[in-house]
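Predicted, not measured: the structure shown is a model, and the values here were computed from it. Both ligands and their constituent atoms are indexed starting at 1 by order of listing.
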Amino acid sequence: MPLPLDHPLITSLSADSQVIKAYQGIRTSYKPVWMMRQAGRSLPEYRSIRAGISMLDSCLRPEVAAEITLQPVRRHKVDAAIFFSDIVIPLRLAGVNVDIASGIGPVLEHPVRTRQDLENLRELDTDALLPITEAIKIVVAELGSIPLIGFGGAPFTLASYLIEGSPSKVLPVTRSLMRNDPQLWHDILSWVARTTSTFIRAQVMAGASALQLFDSWAGKLSLDEYVTFAAPHSKSVMTSLSDLPVPRVHFGTQTGSMLTQMRDVGATVMGIDSDTPLDVANNILGGTIPLQGNIDPERLSGSWEELKLHVADVIERGSLAPSHVLNLGHGVPPDTDPDVLTRMVAFIHGE
Ligand code: CP3
């Protein structure tokens, strides 16, 4: 589908940005950087705008979501904005009773575990996404040539919240449903794939210049399980979005053993977590795809000298890939000193 004529990639506003070029495999001497969870709790201005507003409400108030998206761009001078929202927003907008408990994560009153639960789910209506597209229009008008990155949760990660009902490190209910009722499993994941895909498409059509699919918990599966139970649904998301002329980043944690399978669902850029050095990831992927990552978030609270050495090492290893967008290996920890982030961005930019 062609993008609207006023989309920043079409007006060329963001088309020549360093992040989009690097995502397209074009390497320049400039080193572009943005950070996962840059829009969030490490910033005092975020905590102040969020006072008295629940997490999901803040995502659904266009002025608030737009302002939070822009805060880290102004402060840190990063090269891209990530849209402030959450992977569970499309579930909520499709009528699922999900909330985000502070310090815990997504919780559901009625997890989806039976055929009847699945039949009660509605399709996500594009009209319900109006608060999202309104926020994006405000953001891209402010960003000018800086690209906005849209995102969604991959079906496996999103379904694990839907089925489990609360965050879990071992996903017992999810794994047992997957093994014991594969037909129901695949039907639930198909619904999730359609829902997350609708959410991402709306962000791109409204002005996002790239998309990132987060499969944060994919690394909890064995390679065989990933290929059988998760990858086909991630593939259906990526395929359904492949008519949009935007880069497609795919990211998961502890996924060093499944990088090629994750690429093969239709990614055009691979996000790498801190467990796999970029030179190793590049070797696994055959040197064929731009990489994003993977500064260790834990180093942000260590000494500045060691952080600089670590960032230089990430840049060095990333220089072997076709192109490289600097990022963290996972999100910014909430207790990070924002001045360290600003300084790190300046260091990467060679200032
Ligand atoms: O800067 C950004 O990255 C912007 C937006 C963003 C958020 N969540 C905001 C948020 C993005 C891209 C996400 C994605 C997301 N949400 C993922 C995938 C990325 C990852 O971290 O692996 C996942 C798994 C979720 C689900 C979720 N939402 C969790 C596990 C939590 C943490 C719960 C907590 O309080 O510790 C959230 C809440 C959340 N999403 C916050 C933010 C800024 C914190 C909310 C707060 O201020 O209390």
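Counting protein heavy atoms only, atom 47 (O) of ligand 1 is closest to Tyr46 OH, 2.6 Å. For atom 21 (O) of ligand 1, the nearest non-hydrogen atom of the protein is His330 NE2, 3.2 Å. Nearest protein heavy-atom contact of atom 16 (N) of ligand 1 is Asp86 OD1, 3.0 Å. Remark: minimum distance from atom 48 (O) of ligand 1 to any protein heavy atom is reached at Arg41 CD, 3.6 Å.
Looking at ligand 1, you'll find an N or O of Gly103 within less than 3.5 Å of one of its N or O atoms. Residue Ala39 places at least one N or O, backbone or side chain, under 3.5 Å from an N or O of ligand 1.
Within ligand 1, counting atoms from 1 as listed, the ones closer than 4.0 Å to a heavy atom of Ser85 are 5 (C), 6 (C), 7 (C), 8 (N), 9 (C).
Nearest to atom 11 (C) of ligand 1 by heavy-atom distance, out of Tyr161, Phe84, Phe151, Trp34, is Phe151. Compare Arg50, Gln38, Arg37, Gln212 by their heavy atoms: the one nearest to atom 13 (C) of ligand 1 is in Arg37. Taking each of Met55, Arg47, Met36 in turn, the one with a heavy atom nearest to atom 42 (C) of ligand 1 proves to be Met55.
Taking CG of Leu326 as the reference point, atom CD1 of Ile348 lies at 4.0 Å (rounded to 0.5 Å). One finds the CG atom of Leu93 at 11.5 Å from the CG atom of Asp127 (value rounded to the nearest 0.5 Å).
Counting heavy atoms closer than 4.0 Å to ligand 1, residue Ile104 contributes backbone atoms (N, CA, C, O) but none from C-beta onward. Contacts between Phe83 and ligand 1, counted as non-hydrogen atom pairs separated by less than 4.0 Å, involve the backbone only.
Under the 4.0 Å criterion applied to side-chain N and carboxylate O atoms, Asp337 and Arg343 are not assigned as salt-bridge partners. A salt bridge links Arg115 with Asp187: at least one charged nitrogen is closer than 4.0 Å to a carboxylate oxygen. Look at Glu134 and Lys137 and you find no salt bridge, because none of the NZ, NE, NH1 or NH2 atoms lies under 4.0 Å from a carboxylate O. A salt bridge links Glu45 to Arg75: one of the charged nitrogens lies within less than 4.0 Å of a carboxylate oxygen. Ionic pairing of Glu225 and Lys220 is not present here: no N-O contact between side-chain nitrogen and carboxylate oxygen is shorter than 4.0 angstrom.
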